[in-house]
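Side chains are part of it too, since the values below use all heavy atoms of this structure and drop only hydrogens, waters and symmetry mates.
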Amino acid sequence: MARHVFLTGPPGVGKTTLIQKASEVLKSCGVPVDGFYTEEVRQGGRRIGFDVVTLSGERGPLSRTGSEPPPGKRECRVGQYVVDLASFEQLALPVLRNAGSSSGPGPSVCVIDEVGKMELFSQPFIQAVRRTLSTPGTIVLGTIPIPKGRPLALVEEIRTRKDVKVFSVTKENRNHLLPEIVACVQSGGK
């Protein structure tokens, strides 16, 4: 029986937008929701990187084009983007550590957007995601990339878990999935 809900699909198809809309609907229904999402950063019409944004409004860089890693730090690069691991971990890890600590009745939802190549450079993040998926009373609403190239171990682990329901988001279905995603989360991913 599924408990967690993940969205997958090509870049730019609307996964993050769906996650944000689902979070708002769940909050308006009184469900405790915390977590983070990634947001494109544009300059002069060009994408120059991504930021991590927590649902409580904190923001920091996840990656930037062509920037150099801090002195003494190994370079974590995905294509043209250099990942700022310290910034990412400073924002994402506390949110995951707090998952399941809401005092309200019923389950709480932890948003993880996304479990992707950039985020997977962080070993503490990988451990925190696994822990969050195993926390009783916590439902994860997250996104994972579509498989291409070499499989990402944690992404495949999530995709094949018995307690995970994966929705494939397309341009054709993205405007109709929201009620189904919200209903699935509210029923504990069933």
Using the side-chain hydrogen bond (donor to acceptor under 3.5 Å, both in side chains) criterion, which residues pair with E40? Sequence neighbours excluded.
R42, R47
Given 3.5 Å as the limit, does a donor-acceptor pair link the side chain of K15 with the main chain of G9, or not?
yes
With sequence neighbours left out, write down each residue that passes side-chain hydrogen bond (donor to acceptor under 3.5 Å, both in side chains) with S56, or none if nothing qualifies.
T54
Salt bridge flag under 4.0 Å for residues E156 and R159
yes
Enumerate donor-acceptor pairs with a distance under 3.5 Å from any side-chain N or O in residues 117-125 to protein atoms, sequence neighbours excluded.
unit_1 : atom_1 : unit_2 : atom_2 : d
E119   : OE1    : G116   : N      : 3.1
S122   : OG     : E89    : OE2    : 2.5
S122   : OG     : F125   : N      : 3.1

Student check: side-chain heavy atoms of P145 and L152 closer than 4.5 Å:
yes
Close side-chain approach of T65 to R46, heavy-atom, < 4.5 Å:
yes
Hey, does F88 have a side-chain heavy atom less than 4.5 Å from the side chain of F50?
no
I181 reachable from V31 in the ILVMFWY side-chain graph, under 4.5 Å edges
yes
Membership question, hydrophobic clusters at under 4.5 Å side-chain separation (ILVMFWY): are V95 and I112 in the same one?
no
side-chain contact (heavy atoms from CB on, under 4.5 Å) filter on P94, not counting sequence neighbours, yields R97
Testing D34, L55, V185 one by one against V109 for a side-chain contact (heavy atoms from CB on, under 4.5 Å), which residue passes?
V185
Can you pull the side-chain hydrogen bond (donor to acceptor under 3.5 Å, both in side chains) pairs that have at least one residue in residues 140-155, sequence neighbours excluded?
D113-T143
Who are the salt bridge (Lys or Arg N to Asp or Glu O under 4.0 Å) partners of E39, not counting sequence neighbours?
R59
Beyond-backbone contact of I158 with F6, side-chain heavy atoms, under 4.5 angstrom
yes
Closest non-hydrogen atom pair, A92 against F36:
CB-CE2, 3.8 Å
Test of understanding: with side-chain contact (heavy atoms from CB on, under 4.5 Å), list the residues that count as partners of E180, not counting sequence neighbours.
F167, L177
Answer yes or no: is there a side-chain heavy-atom contact under 4.5 Å between V83 and L62?
yes
First locate atom SG of C110, then atom NE2 of H4, and finally report the distance between them rounded to the nearest 0.5 Å.
10.0 Å
With sequence neighbours left out, what residues match R174 under salt bridge (Lys or Arg N to Asp or Glu O under 4.0 Å)?
none
Using the test side-chain contact (heavy atoms from CB on, under 4.5 Å), find all partners of P61 that sit at least two apart in sequence or belong to another chain.
D51, R64, D84, S87
With sequence neighbours excluded, give me every salt bridge (charged side-chain N to carboxylate O under 4.0 Å, His left out) pair touching residues 124-134.
R130-E157
Does one hydrophobic cluster hold both Y37 and V169, with members joined at side-chain heavy-atom distances below 4.5 Å?
yes
Work out which heavy atom in R77 is nearest to a heavy atom in V82; give both atom names and the distance.
NH2-CG2, 3.3 Å
Contact summary for L91 and G60, nearest pair of heavy atoms
CD1-N, 3.2 Å
Would you mind listing the cluster partners of V41? Hydrophobic ones only (ILVMFWY), side-chain contacts under 4.5 Å, chaining allowed.
I48
Hydrophobic cluster membership, with links at side-chain heavy-atom distances under 4.5 Å among I/L/V/M/F/W/Y: are V129 and L85 in one?
yes
Qualifying residue, where the test is side-chain contact (heavy atoms from CB on, under 4.5 Å) with S168 and the options are T8, V13, L7
T8
Results of side-chain contact (heavy atoms from CB on, under 4.5 Å) for V182 - residues two or more places apart only:
A22, V25, L26, L178, Q186
